[in-house]
Enquirer: 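Handing you this structure, nothing more for now.
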Amino acid sequence: MTDPRFAHPDDIRSRFSAAMSAMYRTEVPAYGTLMQIVSDVNDGVLAANAGLKADLENTDQLARISEERHGAIRLGTPAELSTMRRLFAVMGMAPVGYYDLTEAGVPVHSTAFRPVGEAALRRNPFRVFTSLLRLDLIEDADLRETAQTVLDARQIYTPRCLELIDLAEQNGGLTEAEADEFVAEALETFRWHPEANVSADLYKQLHDAHRLIADVVSFRGPHINHLTPRTLDIDRVQDLMPEYGIAPKAVVEGPPRREHPILLRQTSFKALSEAVNFDGIPGSHTARFGEIEARGQALTPKGRALYDQLLTETRQKCLPAGDGSNADAYMTALQDTFAAFPDDLTAIREQGLGYFEWSLTGKGTAGQITETDPEALLAAGYLRIDPIVYEDFLPVSAAGIFQSNLGDDSAQEFTASPNQQRFETDLGATVLNEFDHYQQIEDQSRIRCVTILTTGAAAAE
């Protein structure tokens with residue numbers, strides 16, 4: 001039960017998400033154009049597909065799509081990460097999943113802060129993909145030490161933001177006035193600052209090691225590097241962007257287009273070159289961009305293993321070039337290879353590849369019955385199942401977006417080096433296992449439905 005004295009964490013998250021979107025629209029005008037394209041495409045899809053609209057309404061997805069966003073930030077130190085965990089907790093967001101992006105040549109590991117309960121997701125599904133720089137992977141010891149010194153000297157949170165985090169933890173929440181102040185103070189951490197923390201020479205050294213290293217170390221805060229609306233037809237948005245003067249990345253990351261979407265598909269417009277001041281010396285930096293996502297069904301470990309296998313096979317046949325020169329060949333290879341993944345909900349369920357949420361049909365709400373077998377109740381039309389939406393991320397896709405917008409033609413190569421234990425130590429908490437979470441949603445929804453049918457009363461939450 002939420003204390004009535006305090007603003008609800010879901011409301012604080014909604015305010016923060018709206019404030020972040022407004023700020024980013026001002027800082028990156030092309031993001032506003034992208035939002036309009038996505039809105040128009042989504043309206044067109046829903047107008048042409050009454051069945052999809054009904055399914056989205058039945059699963060409480062429709063209302064949230066227009067508000068759905070995710071952002072991304074990159075942090076430099078364990079202390080910054082630990083405090084960020086505490087900051088997001090004020091907004092009802094928890095760390096879900098561990099992602100090792102070194103496997104794709106990017107020197108970070110990450111988690112996603114997001115709401116985890118169905119009610120909270122319906123209120124506002126804002127997520128922030130949060131990465132921690134792996135300074136230990138920089139080969140040049142002197143550069144590594146210099147970067148550490150620069151990062152240790154900065155404070156990315158305002159003093160009042162830190163006070164409000166402490167206050168929320170001590171009191172169990174923030175009042176409405178404190179919540180408004182918290183949103184304003186927290187927003188400063190994510191704001192773009194064109195004044196660099198380093199000299200032009202040091203920036204070049206960091207940039208030569210990897211552009212992402214320069215992006216994290218060279219500035220006084222972890223400026224939000226993209227915001228992402230959710231679209232119902234990502235291929236249409238990809239095709240439309242050039243018509244609005246926006247250059248998209250070469251290919252859509254993730255699985256191919258399907259009748260029954262799975263996991264996550266992402267694309268973006270290319271990062272902007274922005275003016276930067278290096279101790280009075282004018283320069284530029286490229287990092288911030290706009291991204292679009294299309295979300296499909298969450299997959300079980302078996303389904304995810306098949307996805308990873310097919311993606312690896314595709315990339316062995318055709319690795320997408322950064323300049324887009326083989327985009328058509330890659331997308332053809334992707335489509336052909338993924339023919340091995342069933343595009344039928346019955347087959348997906350029978351083969352144990354995806355997660356489903358159970359709910360009552362109109363027939364199921366008519367009165368109490370004696371049958372307790374959920375499969376029999378499903379077959380008799382008392383229950384229905386719908387794919388559970390994938391609320392998380394894909395490391396190869398995230399790395400592909402990073403690479404396309406940062407570039408690393410002359411950068412140090414990195415080998416896969418996952419270290420979840422170290423990440424969780426730096427975070428100050430364990431991350432939620434997303435597979436366990438989806439399985440719990442499926443199991444609880446099934447048990448609740450059977451309980452309602454057999455007792456005539458809703459199961460205890």
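The analysis underlying the following values was restricted to heavy atoms, covering all of them including side chains, and did not include hydrogens, waters or symmetry mates.
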Enquirer: Just by distance, with hydrogens left out, do T231 and N42 show a side-chain donor and acceptor under 3.5 Å apart?
Expert: yes
Enquirer: Could you check whether F219 and W192 have their ring centres less than 6.0 Å apart?
Expert: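 Aromatic pair counts; centres sit under 6.0 Å.
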Enquirer: Do the side chains of I234 and T267 get nearer than 4.5 Å, heavy atoms only?
Expert: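 Side chain of T267 against side chain of I234, heavy atoms only: contact under 4.5 Å found.
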Enquirer: Which heavy atom of Y330 sits nearest a heavy atom of V251, and at what distance?
Expert: CD2-CG1, 4.1 Å
Enquirer: How long is the gap from OG1 on T312 to CZ on R315, to the nearest 0.5 Å?
Expert: 8.5 Å
Enquirer: Between R422 and D136, is a salt bridge (Lys or Arg N to Asp or Glu O under 4.0 Å) present by the stated rule, with each step listed?
Expert: CA-CA 12 Å; R422 175 177 172 176; D136 57 299; 3.6 Å; yes
Enquirer: So, N225 side chain and A72 main chain: donor-acceptor pair closer than 3.5 Å or not?
Expert: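 Yes, because the side chain of N225 sits within donor-acceptor range (under 3.5 Å) of the backbone of A72.
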Enquirer: One pair to check against salt bridge (Lys or Arg N to Asp or Glu O under 4.0 Å): R85 and E169. What are the steps and the verdict?
Expert: CA-CA 12 Å; R85 171 184 56 79; E169 292 174 343; 5.9 Å; no
Enquirer: Does the ring center of H285 lie less than 6.0 Å from the ring center of Y203?
Expert: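 So the answer is yes for these two rings.
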Enquirer: Without swapping roles, check the side chain of R258 against the backbone of F341 for a donor-acceptor pair under 3.5 Å.
Expert: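 Yes, the answer is positive, given that a donor and an acceptor are paired below the 3.5 Å cut-off.
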Enquirer: Using side-chain heavy atoms (C-beta onward) and a distance below 4.5 Å, is E27 in contact with M23?
Expert: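 Sidechains of M23 and E27: in contact.
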Enquirer: Could you state the interatomic distance from CZ (R114) to CG (N124), rounded to the nearest 0.5 Å?
Expert: 13.0 Å
Enquirer: Using a strict threshold of under 4.0 Å (side-chain N to carboxylate O), is an ion pair present between K317 and D336?
Expert: no
Enquirer: Measure from the side-chain N and O atoms of S218 to the backbone N and O of A196, and report whether any donor-acceptor pair falls under 3.5 Å.
Expert: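 Looks like no, no N/O pair under 3.5 Å.
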Enquirer: Give a yes-or-no answer on whether the side chains of E185 and T158 include a donor-acceptor pair shorter than 3.5 Å.
Expert: yes
Enquirer: Regarding D166 and Q170, do their side chains bring together a donor and an acceptor under 3.5 Å, going by distance alone?
Expert: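 Checked: D166/Q170 side chains show no N/O donor-acceptor pair below 3.5 Å.
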Enquirer: Could you pull out the closest heavy-atom pair between C318 and N326, with the gap in Å?
Expert: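 So the two residues come closest at SG-ND2, 3.4 Å.
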Enquirer: Nearest heavy-atom pair of Q335 and R257: which atoms, and what distance?
Expert: NE2-O, 3.3 Å
Enquirer: Measure the OH-OG distance between Y98 and S110 for me, rounded to the nearest 0.5 Å.
Expert: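 One finds 8.0 Å between OH of Y98 and OG of S110.
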Enquirer: Between atom CG of L81 and atom OG1 of T111, what is the distance when rounded to the nearest 0.5 Å?
Expert: 8.5 Å
Enquirer: Output, in order, the C-alpha distance, side-chain angles, deciding distance and verdict of side chain to side chain contact (heavy atoms under 4.5 Å, CB included) for F182 and L87.
Expert: CA-CA 9 Å; F182 168 80; L87 183 151; 3.9 Å; yes
Enquirer: In this structure, which one of K249, E293, E291 forms a side chain to side chain donor-acceptor pair (under 3.5 Å) with Q266?
Expert: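 Among K249, E293, E291, the one meeting side chain to side chain donor-acceptor pair (under 3.5 Å) with Q266 is E291.
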Enquirer: Do the side chain of N171 and the main chain of G173 share a donor and acceptor less than 3.5 angstrom apart?
Expert: no
Enquirer: Donor-acceptor pair, distance only, cut-off 3.5 Å: does the side chain of D343 make one with the backbone of H260?
Expert: yes
Enquirer: Looking only at non-hydrogen atoms, find the nearest pair between E434 and D392 and report the distance.
Expert: CB-OD2, 3.6 Å
Enquirer: Decide if the gap between the ring center of Y99 and the ring center of F423 is smaller than 6.0 angstrom.
Expert: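 No.
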Enquirer: Does a side chain donor of either S21 or Y31 reach within less than 3.5 Å of an acceptor in the other side chain?
Expert: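 Checked: S21/Y31 side chains pair up, N/O donor to acceptor below 3.5 Å.
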Enquirer: Would you find a donor on one side and an acceptor on the other, under 3.5 Å apart, between the side chain of Y438 and the backbone of E391?
Expert: yes
Enquirer: Between Q439 (side chain only) and D436 (backbone N and O only), is there a donor and an acceptor less than 3.5 Å apart?
Expert: no
Enquirer: Report the distance from atom CG of L227 to atom CE of M35, rounding to the nearest 0.5 Å.
Expert: 8.5 Å
Enquirer: With heavy-atom distances below 4.5 Å as the criterion, would you say the side chains of F435 and R304 are in contact?
Expert: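 Yes - at least one pair of side-chain heavy atoms lies under 4.5 Å apart.
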Enquirer: Test salt bridge (Lys or Arg N to Asp or Glu O under 4.0 Å) on R154 and E80; report intermediate values, then the result.
Expert: CA-CA 10 Å; R154 75 179 187 178; E80 291 176 356; 2.8 Å; yes
Enquirer: With heavy-atom distances below 4.5 Å as the criterion, would you say the side chains of S445 and E357 are in contact?
Expert: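 With C-beta onward as the side chain, the pair touches.
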Enquirer: Of the non-hydrogen atoms in N277 and G280, which two are nearest, and what is the gap between them?
Expert: OD1-N, 2.6 Å
Enquirer: Show your reasoning for whether side chain to side chain donor-acceptor pair (under 3.5 Å) applies to H223 and D215.
Expert: CA-CA 9 Å; H223 39 261; D215 182 60; 2.9 Å; yes
Enquirer: Determine the sole option in E442, H437, Q440 for which the side chain to side chain contact (heavy atoms under 4.5 Å, CB included) test with Y355 is passed.
Expert: E442
Enquirer: For a ring pair (Phe, Tyr, Trp, His ring centres under 6.0 Å) with H70, tell me which candidate from F113, F126, F393 qualifies.
Expert: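 Exactly one option meets the ring pair (Phe, Tyr, Trp, His ring centres under 6.0 Å) with H70, and it is F393.
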Enquirer: Roughly how far, to the nearest 0.5 Å, is the CG atom of D426 from the CG atom of N419?
Expert: 8.5 Å
Enquirer: Can you name the closest pair of heavy atoms from A186 and F16 and give their distance?
Expert: CB-CE1, 3.9 Å
Enquirer: Is the side chain of S131 donor-acceptor paired with the backbone N or O of V108 at a distance under 3.5 Å, no angle test?
Expert: no
Enquirer: Step by step, work out the side chain to side chain contact (heavy atoms under 4.5 Å, CB included) result for L212 and R74.
Expert: CA-CA 9 Å; L212 186 141; R74 302 155 186 160; 3.8 Å; yes
Enquirer: How about F338 and Y307: are their ring centres within less than 6.0 Å of each other?
Expert: yes
Enquirer: Does D201 come within less than 4.0 Å of K204, counting only side-chain N to carboxylate O?
Expert: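 So D201 does not pair with K204 through a salt bridge.
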Enquirer: Can you check salt bridge (Lys or Arg N to Asp or Glu O under 4.0 Å) on R265 and D235, steps first, answer last?
Expert: CA-CA 10 Å; R265 303 182 72 207; D235 300 289; 2.8 Å; yes
